[in-house]
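A short worksheet on the structure shown next.
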There are 2 protein chains.
Amino acid sequence: MTSQAADEPETVVASRRSKLTPEREQEFFDAVLDQIRHCGYESVTMEGIAASTRCSKSTLYRQWKTKPQFVAAALRASRRVRFAGIDTGSLTEDLRQAARAAGDWSGKDTRLLQSLGHALTDDRELAEALREALVHPEIAALQEMLERGVARGEVPAGHPALEYVPAMMFGVLRVRPVLCGQYADADYLAGFVEAVVLPALGLTRNPAE
Amino acid sequence: MTSQAADEPETVVASRRSKLTPEREQEFFDAVLDQIRHCGYESVTMEGIAASTRCSKSTLYRQWKTKPQFVAAALRASRRVRFAGIDTGSLTEDLRQAARAAGDWSGKDTRLLQSLGHALTDDRELAEALREALVHPEIAALQEMLERGVARGEVPAGHPALEYVPAMMFGVLRVRPVLCGQYADADYLAGFVEAVVLPALGLTRNPAE
DNA sequence: GTGTACCGATACGGTCGAGTACCGGTACAC
DNA sequence: GTGTACCGGTACTCGACCGTATCGGTACAC
């Protein structure tokens, strides 16, 4: 559980247990996530990561016990909420900006999600790390956005479409590659928000036209 | 390309090149798709398939050159349009029935799609077979359904939400496991159609209430 | 200088699975 | 009966990759 990078109480400021700097560690993480995106989880090898980062397999295994634990650590370290800062004061505009933001990283994260596909059901810890790193934070940010809109009275509380907004946003993002072989971009998502999400929430000025 | 099962002109009616009956072949296909659903594409082995169907590896390799070609053949053979027969005369009702139907096989097919995740980008032929078998037929059926609705005047032609209907139906189906760890069922999808799809298409009687 | 603790490199053991080769058995044609 | 062509079983080769062990080099503490 608390395997690495935990700030232990007896460590002095200028001394590290591992000689790997945090930046170096991040290089490993970036490398493994990149390779997963390109070749899939199963095709990624510890040897390949070591080679591409010019470290040695021993170094990797000294820090992390196994491959899934290593990948899980990489996922946790890459945790970032993509549209956390969006708060324009209008739900409509928030959703539009969220679509733009999502379109920008959809290529990277959707691919990661896709490539980890089966590993989700395979390794418990990995699945949890993935959800914690990529899924929950975004869902939570989106839900806060919606709640603010409800609080401002833009959408009635308990509106039936509310609970489906996260699912459809991420759903559309995620199936696009399967449907037409290309990742959803910002324009596509923006169009989706205009044509579906806003109308479903009753947020359009001219509902018919 | 034209590797097997092509009806060659010189074959007589009552004679088969392979002694495997079509039923036997289908057993192989069912077995491999089942195993993929349970353990993922990479974890499925030709040896495992041979064992579980009580045939021999040689038999499999006599019919199909490689593992991905075998899986692709299985996908093509399992091609079936799930909601082809839906045509109630009302788009609203068609979509409701489609949701029910989709909920019923979502467990099986979504799982298959998920488990094949990476193989999509890995093997060209496999990706094509998957799209041909599971994706395109359903999309086409859904689009015909929509076109009938447009022809009947239930939805104006060129309605902006039209093009997103397939993506959101399959998208919601597909992300549900990632979001909450369980597959979407018929009830969930039915609720989605009521709360989002119909309103977005302007098909609700009481838009506000 | 000496000890310690980590890094990088390499080599190794062990497992697993794809695909091949070979063998005996058998159904069917003639 | 004889030939042919396929089936099932098994043994095998070959490569990939996980994870371990070992060794030399080096930065740093004291």
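We name chains A, B, ... by the order of the sequence lines, and we start the count at 1 in each one.
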Without decimals, in angstroms, what is the distance between [X] [atom1] and [N] [atom2]?
{"X": "B/L20", "N": "C/dA27", "atom1": "CG", "atom2": "P", "value": "15 Å"}
{"X": "A/Y61", "N": "D/dT20", "atom1": "OH", "atom2": "P", "value": "7 Å"}
{"X": "A/E47", "N": "C/dA9", "atom1": "CD", "atom2": "C1'", "value": "12 Å"}
{"X": "A/R54", "N": "C/dA9", "atom1": "CZ", "atom2": "P", "value": "9 Å"}
{"X": "A/K67", "N": "D/dA16", "atom1": "NZ", "atom2": "P", "value": "15 Å"}
{"X": "A/K57", "N": "C/dA9", "atom1": "NZ", "atom2": "P", "value": "13 Å"}
{"X": "B/L60", "N": "D/dG8", "atom1": "CG", "atom2": "P", "value": "9 Å"}
{"X": "B/M46", "N": "D/dT10", "atom1": "CE", "atom2": "C1'", "value": "17 Å"}

Report, as yes or no, whether the 6.0 Å neighbourhood of atom CZ on B/R24 holds more than 12 heavy atoms from other residues, nucleotides or ligands. yes
Paired runs of 3 or more consecutive Watson-Crick or G-U pairs involving DNA chain C, with both pairing distances under 3.5 Å, are C:1-30 with D:1-30
Pairwise side-chain contact, B/R152 with B/R148, heavy-atom cut-off 4.5 Å (strictly under): yes
Do B/T53 and B/L60 touch side chain to side chain, with heavy atoms closer than 4.5 Å? no
Ignoring the backbone of B/S58, work out which of C/dT20, D/dG9, D/dT20 is nearest its side chain. D/dG9
Picking from D/dG9, C/dC7, D/dG19, which would you name as closest to the side chain of B/S56? D/dG9
Would you say the side chains of B/S58 and B/S56 form a donor-acceptor pair under 3.5 Å? yes
So, does [X] get its side chain near the phosphate of [N], meaning an N or O under 4.0 Å from OP1 or OP2?
{"X": "B/R62", "N": "D/dC7", "answer": "yes"}
{"X": "A/Q63", "N": "C/dC7", "answer": "yes"}
{"X": "B/T59", "N": "D/dC7", "answer": "no"}
{"X": "A/R24", "N": "C/dG8", "answer": "yes"}

What does A/T45 touch in the nucleic acid at a heavy-atom separation under 4.0 angstrom: a base, only the sugar-phosphate, or nothing? sugar-phosphate
With rounding to the nearest 0.5 Å, note down the distance linking CZ in B/R76 to CZ in B/R79. 10.5 Å
Looking at CD of A/E23 and CD of A/E27, how far apart are the two atoms once the value is rounded to the nearest 0.5 Å? 8.5 Å
For the residue pair B/W64 and B/F70, categorise the inter-ring angle as parallel (less than 30°), tilted (30 to 60°) or perpendicular (more than 60°). tilted
